[in-house]
Amino acid sequence: MKRITSLIAMALAAAVSAFGQRTETSLDEGWFIRPITANKNPEPTPVTLPHTWNAEYLPDGTYNREMMVYTRKLEVTPAMAGKRLFLYFEGVNSVCDVFVNKRTVGGHKGGYTAFCIEITDAVRQGGNELEVWVSNAYRTDVLPISGDFNIYGGIHRPCHLIVTGADCISPLFHASPGVFIRQNKVNDAAADITVETVLSIKDKEGLTLHTVISDASGKEVASASAKADGESVKQPFNIQDPILWNGRENPYLYTVTVQLMRDGRVLDEVVQQTGFRYFRVDADKGFFLNGKPLDLHGFCRHEDFDGRGSALLPEDYDTDFDLIMESGATMMRLAHYPHAEPVYRHSDEKGIILWTEIPMCGPGGYDYTGYLGNDGFRENAIQDTYELVYQKFNHPSVCFWGIFNEILVSDGTRFVEYDNPIPFISEINDLYHKIDPSRLTTFATCVDENYYLGISDLIAWNKYFGWYGNEPNGIGPFMDQAKADAKGQPVGISEYGAGASIHHHWLPGESRPEPRGRFHGEERQALVHESNLEAIQSRPYLWSKIIWVFSDFHSSIRKEGDRDGFNDKGLVTYDRKTRKDAFFLYKANWTTDPMVYITSRRYTDRTQAVTDIKVYSNMDEVTLFLNGKKVGKVKPDNLKRAIWKGVSLQPGENTVTAEGRSRKTKKTDTCTWTLNQ
């Protein structure tokens with residue numbers, strides 16, 4: 001069946017190619033992998049992309065930072081004669097060299113951006129051997145060097161073969177679509193845009209570029225043609241009365257189709273979607289989308305899924321976005337590297353605002369120093385910036401370009417040993433603005449110094465009040481002081497949170513869980529989030545309010561909680577099967593769909609007869625029943641909490657039921673606890 005499918009695909013590709021248009025074929029099937037060893041090469045293992053060799057830990061709790069070799073056959077058909085062939089890798093982690101028929105055709109440094117290599121002159125008709133040597137070993141010239149997350153090795157994102165005619169829209173320009181939709185000025189009345197197309201042509205004679213903009217129904221709203229006689233073509237458009245991309249309220253998308261033509265015949269075509277919107281950030285009032293305030297709250301997210309590592313499948317992205325939309329989040333910070341294309345596409349379609357960043361990470365639990373003085377590191381950061389911006393340029397969900405996470409400042413005292421990052425951070429900031437002046441720059445810092453002010457458009461803080469011991473003042477007074485010191489620069493929160501195991505349970509009054517300890521009570525995480533949320537909600541000047549983190553994820557340096565090698569600050573478990581109590585705190589506060597949720601529900605075996613019972617609900621009132629008997633009716637407070645103090649459980653099994661009511665709507669939730677005395 002696979003062979004028949006492959007033959008059909010090749011036949012279709014040949015039919016289309018005969019007219020000179022672009023074809024794109026998946027190369028995810030048919031790979032083999034083997035390690036590099038000092039001994040005779042072992043038998044290769046068949047794999048399918050996306051793939052990583054270290055989705056799971058080794059028995060000793062470590063994971064491989066090594067080199068592997070991927071191989072597959074590449075069939076070049078007679079229909080491809082005279083065509084141009086390109087290998088397009090969406091992501092290979094972290095460094096790779098690519099060979100065709102034993103000859104070098106290219107390579108790439110950095111595992112989180114795409115790259116494209118032309119192999120036209122390296123292949124022959126018939127069978128060809130494709131070989132990719134991949135390493136995720138530690139290097140000082142490739143980002144990231146440090147970070148509180150694992151670096152998965154492998155071809156961990158899809159791979160494609162692109163076939164074009166001799167003249168084409170370039171897939172080689174930083175592995176971008178080659179088409180950039182620049183939003184020069186957008187408002188409710190009109191969208192003034194420029195469609196810039198980068199070309200790779202052999203013969204300029206008679207070439208034209210035809211561009212059509214269509215609305216969501218497929219109706220043409222604008223079109224233009226121009227001579228295609230240079231390296232790039234810029235086509236201006238003015239679209240009257242556009243339907244704006246308006247976040248979750250209305251994530252409206254237009255389609256831009258660009259065709260390279262000669263004598264009325266289409267030689268190449270690239271189709272992109274985008275949404276027209278305008279936004280700004282006010283130092284006192286926060287984020288505005290299309291002239292109206294929008295509270296930006298949501299999660300940081302790592303690309304890490306149980307059993308897959310960073311080699312995610314389409315259904316994994318669907319699962320994550322179902323949960324993100326359920327929570328009521330309006331934004332995400334993509335930590336700490338460019339994420340795979342489906343994340344941006346889902347965000348466009350669902351209306352999630354994105355902060356996306358290059359993988360320039362500070363210590364994050366490690367103790368590496370001096371690498372900012374490394375020329376290779378700096379070159380790789382600049383490369384990542386170009387690739388991130390051009391590859392994700394057309395996504396309306398992207399509003400913020402991130403420069404770094406937790407790079408420490410050389411202050412002459414505490415961090416005297418670190419390279420001074422300020423000049424290079426300023427350089428990256430300027431580069432972002434040069435490539436794309438339409439978006440805002442930001443970064444995430446964990447230290448309190450003011451050295452960073454003025455080197456980006458926005459600033460945000462990673463602070464774990466209530467978890468890492470920096471109490472009693474809390475996040476509110478800290479952010480108030482940060483705002484006062486910021487000299488008019490908007491301030492936000494880029495990370496806050498606490499760890500939790502769904503197998504550990506804690507009641508107020510008991511000893512506080514230790515962040516680096518083994519006991520991470522789920523209830524304590526919820527309490528920390530309640531305290532932070534209460535402070536955050538009353539401070540509208542915060543342009544971002546971002547939780548660390550969406551889901552639990554692998555971090556080999558951690559020896560805490562119920563498992564080694566995990567950061568358990570997620571509001572969802574690593575396998576995405578369980579939403580922790582704190583998830584429902586935010587669902588109650590961020591959504592209006594009626595919901596009611598009994599907290600501490602997994603604390604099923606109890607020894608205390610008298611307990612408080614807490615329910616999260618966004619409904620008008622909640623009635624509590626214990627073993628069928630009414631305990632009382634409570635109106636949820638400003639954090640959507642309904643709390644009953646000092647409820648007495650009976651020995652043995654207890655059925656707890658919460659019934660929420662809003663006008664004619666009723667929702668119930670039930671759990672069972674056993675009192676052992």
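Along the sequence shown, residues carry numbers from 1.
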Fill in: Atom pair CD1/CG of I324 and L571 - distance to nearest 0.5 Å
11.0 Å
Worksheet item: Under a 4.5 Å cut-off applied to non-hydrogen side-chain atoms, are K234 and F180 in contact?
Response: no
Discussion item. Taking the ring of F86 and the ring of F115, is the distance between their centroids below 6.0 Å?
Written reply: no
Discussion item. I'd like to know if the side chain of T52 reaches the main chain of G153, judged simply by a donor and an acceptor atom lying under 3.5 Å from each other, with no hydrogens or angles considered.
Written reply: yes
Worksheet item: Please walk me through it: do S438 and Q183 pass side chain to side chain donor-acceptor pair (under 3.5 Å)?
Response: CA-CA 7 Å; S438 71; Q183 302 194 24; over 6 Å; no
Response to the item:
Nearest heavy-atom approach of F89 to C159 is CE2-SG, 3.5 Å
Practice prompt. Might you work through the side-chain contact (heavy atoms from CB on, under 4.5 Å) test for L260 and D167, ending with a clear yes or no?
Written response: CA-CA 8 Å; L260 182 65; D167 303 311; 4.1 Å; yes
Practice prompt. Assess whether side chain to side chain donor-acceptor pair (under 3.5 Å) is satisfied between E303 and H156, documenting all intermediate values.
Written response: CA-CA 11 Å; E303 288 205 321; H156 68 147; 5.5 Å; no
Discussion item. Rounded at 0.5 Å granularity, tell me how far CG in L87 sits from CD1 in I119.
Written reply: 3.5 Å
Worksheet item: Is R378 salt-bridged to E427, cutoff N-O under 4.0 Å?
Response: yes
Worksheet item: Can you tell me if N238 and Q240 form a side-chain donor-acceptor pair at under 3.5 Å?
Response: yes
Practice prompt. Write down the atom of G230, the atom of I201, and the distance for their closest heavy-atom approach.
Written response: O-CD1, 4.1 Å
Discussion item. So that I can tick it off, tell me whether R22 and D268 are bridged by a salt bridge, with the cut-off set at under 4.0 angstrom between side-chain N and carboxylate O.
Written reply: yes
Item to complete: Answer yes or no for R439 and F279: cation-pi contact, defined as NZ/CZ to six-membered ring centre under 6.0 Å and angle to ring axis within 45°.
Response: no
Worksheet item: When rounded to the nearest 0.5 angstrom, what is the spacing between CD in E495 and NZ in K463?
Response: 11.0 Å
Discussion item. Less than 3.5 Å apart, any donor N or O on the side chain of E406 or N462 sitting next to an acceptor on the other?
Written reply: yes
Practice prompt. Side-chain contact test, heavy atoms from C-beta onward, threshold under 4.5 Å: evaluate it for I475 versus I493 and give yes or no.
Written response: yes
Practice prompt. Could you go through the side-chain contact (heavy atoms from CB on, under 4.5 Å) check for R277 and N246 one step at a time?
Written response: CA-CA 7 Å; R277 78 284 184 268; N246 202 33; over 6 Å; no
Discussion item. Assess whether a salt bridge exists between D141 and R139, defined as any Lys/Arg side-chain N lying under 4.0 Å from an Asp/Glu carboxylate O.
Written reply: yes
Run the side-chain donor-acceptor check on residues 250-259: report pairs under 3.5 Å with partners two or more places apart or on a different chain.
| unit_1 | atom_1 | unit_2 | atom_2 | d |
| --- | --- | --- | --- | --- |
| Y252 | OH | A216 | N | 3.0 |
| Y254 | OH | I243 | N | 2.9 |
| Q259 | NE2 | E269 | OE1 | 2.7 |

Practice prompt. Take M360 and I403 through the test side-chain contact (heavy atoms from CB on, under 4.5 Å) and record every step on the way to the result.
Written response: CA-CA 7 Å; M360 190 156 70; I403 303 172; 4.1 Å; yes
Discussion item. Suppose the criterion is side chain to side chain donor-acceptor pair (under 3.5 Å): which pairs have a residue in residues 347-359, not counting sequence neighbours?
Written reply: R333-E357, H336-E357, Y344-T356, D348-H395, D348-S397, W355-E357
Item to complete: Supply the atom-to-atom distance I162 CD1 to C116 SG, rounded to the nearest 0.5 angstrom.
Response: 5.0 Å
Worksheet item: Would you say S310 and P50 make side-chain contact, with heavy atoms under 4.5 Å?
Response: no
Worksheet item: Do you know which two heavy atoms are closest between T211 and Q235, and how far apart they sit?
Response: OG1-OE1, 2.5 Å
Worksheet, complete the sentence: Scanning both residues in full, the closest heavy-atom pair of C300 with I546 reads N-CG2, 3.4 Å
Worksheet item: When you check the side-chain N and O atoms of D295 and H297, is any donor under 3.5 Å from an acceptor?
Response: yes
Worksheet item: Looking at K292 and E249, does any basic side-chain N land under 4.0 Å from a carboxylate oxygen?
Response: no
Worksheet item: Are the aromatic ring centres of Y390 and F173 under 6.0 angstrom apart?
Response: yes
Item to complete: Measure the shortest side-chain to side-chain distance between I382 and I428 over non-hydrogen atoms and say whether it is less than 4.5 angstrom.
Response: yes
Worksheet item: When you look at CD of E24, are more than 12 heavy atoms from neighbouring residues, nucleotides or ligands closer to it than 6.0 Å?
Response: yes
Worksheet item: Which of these passes side-chain hydrogen bond (donor to acceptor under 3.5 Å, both in side chains) with S555: D304, D148, N150?
Response: D148
Discussion item. Between R248 and M325 (side chain of the first, backbone of the second, donor and acceptor by atom type, cut-off under 3.5 Å), is there such a pair?
Written reply: yes
Discussion item. Under 6.0 Å from the ring centre and within 45 degrees of the ring axis: does the NZ or CZ of K483 meet both conditions for the six-membered ring of F478?
Written reply: no
Fill in: Heavy atoms from other residues, nucleotides or ligands near CH2 of W590 exceed 12 (cutoff 6.0 Å)
yes
Discussion item. Can you give me the closest heavy-atom contact between I151 and P144, atom names plus distance?
Written reply: CD1-CG, 3.6 Å
Discussion item. Taking the side chain as everything from C-beta on, heavy atoms only, tell me whether Y464 gets closer than 4.5 Å to K569.
Written reply: yes
Worksheet item: Between E118 and R84, is there a salt bridge with N-O shorter than 4.0 Å?
Response: yes
Discussion item. Can you confirm if the aromatic rings of Y452 and F443 lie within a centre distance of less than 6.0 Å?
Written reply: yes
Practice prompt. State which residues pass ring pair (Phe, Tyr, Trp, His ring centres under 6.0 Å) with H554; sequence neighbours excluded, sorted by chain then number.
Written response: Y57, F566, Y574
Item to complete: Determine whether the side chains of N429 and S456 contain a donor N or O and an acceptor N or O closer than 3.5 Å.
Response: no
Item to complete: Taking the six-membered ring for Trp and the single ring otherwise, decide whether the centroids of F305 and F553 are under 6.0 Å apart.
Response: no
Worksheet item: Atom CG in L296, atom CE in M331: separation rounded to 0.5 Å?
Response: 5.5 Å
Fill in: Value rounded to 0.5 Å, distance of OG in S94 from CD1 in I145
11.0 Å
Worksheet item: Quick one: does N290's side chain have a donor or acceptor within less than 3.5 Å of a partner on W245's backbone?
Response: yes
Worksheet item: Does any N or O in the side chain of D192 come within less than 3.5 Å of the main-chain N or O of V186, such that one atom is a donor and the other an acceptor?
Response: no
Worksheet item: Can you check whether F299 reaches S327 side chain to side chain, under 4.5 Å on heavy atoms?
Response: yes
Practice prompt. Could you check if a side-chain atom of T441 sits within less than 4.5 angstrom of a side-chain atom of D457, using non-hydrogen atoms only?
Written response: yes
Worksheet entry | Test item: V198 and I169 side chains (from C-beta on) under 4.5 Å apart, heavy atoms | no
Discussion item. Please give me the minimum heavy-atom distance between Q489 and G454, naming the atom from each residue.
Written reply: OE1-N, 3.1 Å
Response to the item:
When Y337, Y112, Y152 are each screened for side-chain hydrogen bond (donor to acceptor under 3.5 Å, both in side chains) with N93, the one that passes is Y112
Worksheet item: Do S225 and H210 get their side chains close enough for a donor-acceptor pair, meaning under 3.5 Å?
Response: yes
Worksheet item: Can any side-chain N or O of D284 pair as donor or acceptor with the backbone N or O of Y541 at less than 3.5 Å?
Response: no
Practice prompt. Apply the test side-chain contact (heavy atoms from CB on, under 4.5 Å) to residues Y432 and L388: give CA-CA distance (whole Å), side-chain angles for both, the deciding distance (0.1 Å), then the verdict.
Written response: CA-CA 10 Å; Y432 271 130; L388 170 61; 3.7 Å; yes
Worksheet item: Should N374 and T140 be marked as a side chain to side chain donor-acceptor pair (under 3.5 Å) after you check the CA-CA gap, both sets of side-chain angles, and the distance that decides it?
Response: CA-CA 7 Å; N374 182 303; T140 59; 3.0 Å; yes
